[in-house]
Amino acid sequence: MRTALILAALLAIAPAASAPASAAEPAAASATEAAARPDETALRYYASQHQRARVEAETERLRRRHPGWQPPADLWTARAGGEDEDGLWDLLGAGRDADLAAALAARARAEPGWTPSPALQAALSARALRESCLSLAKAGRWPDLATLAAGRPTDIAAADAEVVWAVAEAYGRTERAEKAYDLLSGALAGGRFGPEERRVSLLRAMQILPMADVDRLAALGEARDRDAIRVDLIRGRIGAVLHDEAGQAVSAPDLAAFEAYAEAAPDPDQAALVAWLAFKRRDLPTALAWFKRAVARGGDAMVAHGLAHTLRLLGRQRDAEDVAYAWRAPLVNNSLLFIDLLETDLTRADPPAIEPERLRRYAEVTLATASGEGAQALGWYAYNRCQFDTALGWFRRAVAWYPKEATVYGYALSLRRTRQERTFLEVVNRYDGLFPRVVDLLFQAAAARPMPCEAPQARTARAEPAASPGYLELAAATGAAARGRVPPPDEIAADRTPAAPAIRRSDFPVAVVMENDLRAAPTGSPVPEARWSARPRGRAPTVARRVPGVGPMPYERYGFALLPAWNGGEQASQPSAAESPAPRGTLWADEQAARSGAEPGGPADRDVPATTGALGARQAMRNQTVRETTP
């Protein structure tokens, strides 16, 4: 709003634009010179009124606000404006932009041809630019601010500190770091900023520029400026090292100074910064001490994540589990770390005995997060300890959440162990062509030697693992026989699932038709709507077909071959051109053209839609492969 009023005031004095070029050039020079200094409006006004007491008070105020500033040499000889502009300067100094705009418009109407003095015009332009820049920065419109500043580089370079900081941030946020550096370096080297403004400029530069550029800016100032913000500069350098910024390092004196500061500061982020630096340097004991200090001071879940990783690398896995479990809710990284920590032991071929409390806690987190990795780890642990029914339940969930080959393989093994042959065969067929290792189970004989959990001598000879330091021993009532029992997923779900509402037996379950009856022909399909909706229902025949891009299946090594026909028949017949016209450029189109005597790509297949020949193209590739592999 204030910017609009100031712009209106400038428009009200538009006749000044018609002045000769010789008069416009001194006005522009005066505007730049006036904007390059602190706001001397009130000072010059009091001098024009010969109010020495007020001049001295204003001079002292400007010196405190802008250290190093000196009053202008022409203070008592130059005039801020015409002798009749005193009221306008008062309005400008008081920030009454609406009244100023009205006064300027009224003056222009009352005195045709009147123009403000160059000093007043420069002050109005500088005020309008300042208001525009700060309003855009406050709204976060960084691209617009960068565009505005790029069009007026001289005025921006002569503006006050707040405008320079806002424009530099706009350049930094719009990937123009070199422009931000040039603007800040020009302001610092020009001597326009006082000590406080120089220090703030360096702090603002640390947010938008690489630390190497901040060091270059700091070298432009005085040593006392750098000493005043030494801790902030060290903090920025530590952040640069953690982000792998090239050429950055923290010296031993700087690190000692920051550690002393972090030790006395109640803020947990300062201690966490020291901890992360020690963790990056693999100084794990130091990182552990500082992470503990940061957590004790109220550190967040990310600090706890660093603590858990430090404990893991120090070999204190049980402690790391506890930390990750306690902080799993605020940060998903901790939940993932908790799943990963125990997964290695759970998936061993000869796993150790694990306490029931740890297994149950792991199972609860797995179910709460639907973790496929956690479910398959529990499945393998139960399977390798001969708890095949429990393993089947966990593998079933693992396949639903994360159907990778190892998970499906464990699911198939569990089905075979529980003698569910029909389901086992269905699983193998479902993943035929995806996971050859699963299909290979059909042709593998049962292992001659028993599993580790089936060998009595292995069970008696296995030593119980020692507890990690820092953990309480389990209660004496928990015997060794209870160790290693994996809770079934249904058992945990039953503890946390409310009872299902009562329903009538006739409501559910009821038999349903598995065939999808919601069929509709796609737009432009050559197949009539009646034929599309009246397709035969019922179970489709199981047909083994060659899929392009998939290698030989395990059963082909034993003499089995794919059926030669495209529809699963014994005869190598092919669909007619009327049912499945082939697109141009495919092998199937060439075969059709050869039988019809037409040239490939001729009139016979020029009008064929591009969406209707996929089956023919795939069949041509399939038939060629089948002929190569059929004995």
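Everything quoted here is computed from the prediction, not taken from an experiment.
- Annotation for E175: atom CD does not count as buried by contact number, only 12 or fewer foreign heavy atoms lying within 6.0 Å.
- Considering CG of D155 and CG of L129, their distance stands at 6.0 Å, rounded to 0.5 Å.
- Nearest heavy atom pair, residue P489 against residue L367, reads O-CD1, 3.8 Å.
- Between Q376 and E343, the side chains place a donor N or O and an acceptor N or O closer than 3.5 Å (distance only, hydrogens not considered).
- In this structure the side chain of R397 never reaches within 4.5 angstrom of the side chain of Y411, judged on heavy atoms.
- In this structure, NE2 in H309 is found 6.5 Å from CZ in F279, a value given to the nearest 0.5 Å.
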Taking it one step at a time, do L145 and W142 satisfy side chain to side chain contact (heavy atoms under 4.5 Å, CB included)? CA-CA 5 Å; L145 178 53; W142 306 113; 4.3 Å; yes
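- Annotation for Y381 and D345: closest pair CD1-O, 4.4 Å, computed over non-hydrogen atoms.
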Carefully, step by step, assess D244 and K280 under the rule salt bridge (charged side-chain N to carboxylate O under 4.0 Å, His left out). CA-CA 10 Å; D244 296 321; K280 187 176 182 64; 2.8 Å; yes
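- A donor-acceptor pair under 3.5 Å is formed between the side chain of R328 and the backbone N or O of Y325.
- Between the side chain of E373 and the backbone N or O of D340, no donor-acceptor pair lies under 3.5 Å.
- Classification of R127 and E131 as a salt-bridged pair fails, no side-chain N sitting under 4.0 Å from a carboxylate O.
- Using a 4.5 Å heavy-atom cutoff, the side chains of L346 and L359 are in contact.
- A salt bridge links R216 with D213: at least one charged nitrogen is closer than 4.0 Å to a carboxylate oxygen.
- When atom types are taken as modelled, the side chain of D300 and the backbone of V303 share a donor-acceptor pair closer than 3.5 angstrom.
- Taking the side chain as every heavy atom from C-beta outward, V231 and I234 never approach each other to under 4.5 Å.
- Taking every heavy atom of both residues into account, L307 and K292 meet most closely at CD1-CG, 4.1 Å.
- The existence of a salt bridge linking R361 and E357 is excluded, since no basic side-chain nitrogen approaches an acidic carboxylate oxygen closer than 4.0 Å.
- A salt bridge links R318 to E355: at least one charged side-chain nitrogen sits closer than 4.0 Å to a carboxylate oxygen.
- Atom NZ of K179 is separated from atom OG1 of T174 by 9.5 Å, given to the nearest 0.5 angstrom.
- With no hydrogens or angles considered, a side-chain donor-acceptor pair links N334 and H305 at under 3.5 Å.
- Atom CG of L314 and atom CG of L284 lie 4.5 Å apart (nearest 0.5 Å).
- Residues R396 and S414 form no side-chain contact, since every pair of their non-hydrogen atoms from C-beta on lies 4.5 Å or further apart.
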As a quick check of understanding, evaluate side chain to side chain contact (heavy atoms under 4.5 Å, CB included) for I354 and L342, giving each step before the final call. CA-CA 10 Å; I354 299 176; L342 197 55; 4.1 Å; yes
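- In this structure, M206 and L233 have side chains that are in contact, with non-hydrogen atoms separated by less than 4.5 Å.
- By the 6.0 Å and 45° rule, R385 does not stack over the aromatic ring of Y383.
- Within a 6.0 Å radius of CZ in R419, no more than 12 heavy atoms belonging to other residues, nucleotides or ligands are found.
- Proximity of V323 to F338: side-chain heavy atoms (C-beta onward) are nowhere separated by under 4.5 Å.
- Between R293 atom CZ and Q270 atom CD the span is 13.0 Å, to the nearest 0.5 Å.
- At distances below 3.5 Å, not a single donor-acceptor pair connects side-chain atoms of H66 with backbone N or O atoms of L62.
- The two atoms that bring A262 and W290 nearest to each other are CB-CZ3, 3.9 Å, heavy atoms only.
- Remark: E162 engages R130 in a salt bridge, criterion side-chain N to carboxylate O under 4.0 Å.
- Between R226 and D215 there is no salt bridge, since none of the side-chain N atoms of the basic residue sits less than 4.0 Å from a carboxylate O of the acidic one.
- The two atoms that bring S371 and W401 nearest to each other are O-CE3, 3.5 Å, heavy atoms only.
- Geometric assessment of R437 against the ring of F435 yields a negative cation-pi assignment under the 6.0 Å and 45° thresholds.
- Two rings, from W276 and F291, have their centers less than 6.0 Å apart.
- No donor-acceptor pair under 3.5 Å is formed between the side chain of D225 and the backbone N or O of R198.
- Within the structure, ring-ring contact (aromatic ring centres under 6.0 Å, His included) contacts touching residues 147-203 (residues at least two apart or in different chains) do not occur.
- The residues D254 and R230 are annotated as salt-bridged, a charged nitrogen and a carboxylate oxygen being separated by less than 4.0 angstrom.
- The CD atom of E321 sits 10.0 Å away from the CD1 atom of I339 when rounded to the nearest 0.5 Å.
- Between the T407 side chain and the P403 main chain, no donor and acceptor come within less than 3.5 Å of each other.
- Counting only heavy atoms from C-beta outward, the side chains of L183 and R176 never approach each other to under 4.5 Å.
- Under the 3.5 Å distance criterion, the side-chain polar atoms of W394 are matched with a main-chain donor or acceptor of P487.
- G372 approaches A398 most closely through the heavy-atom pair O-CB, 3.9 Å.
- Two residues are said to be in side-chain contact when any heavy atoms from C-beta on lie closer than 4.5 Å; L277 and D283 fail this criterion.
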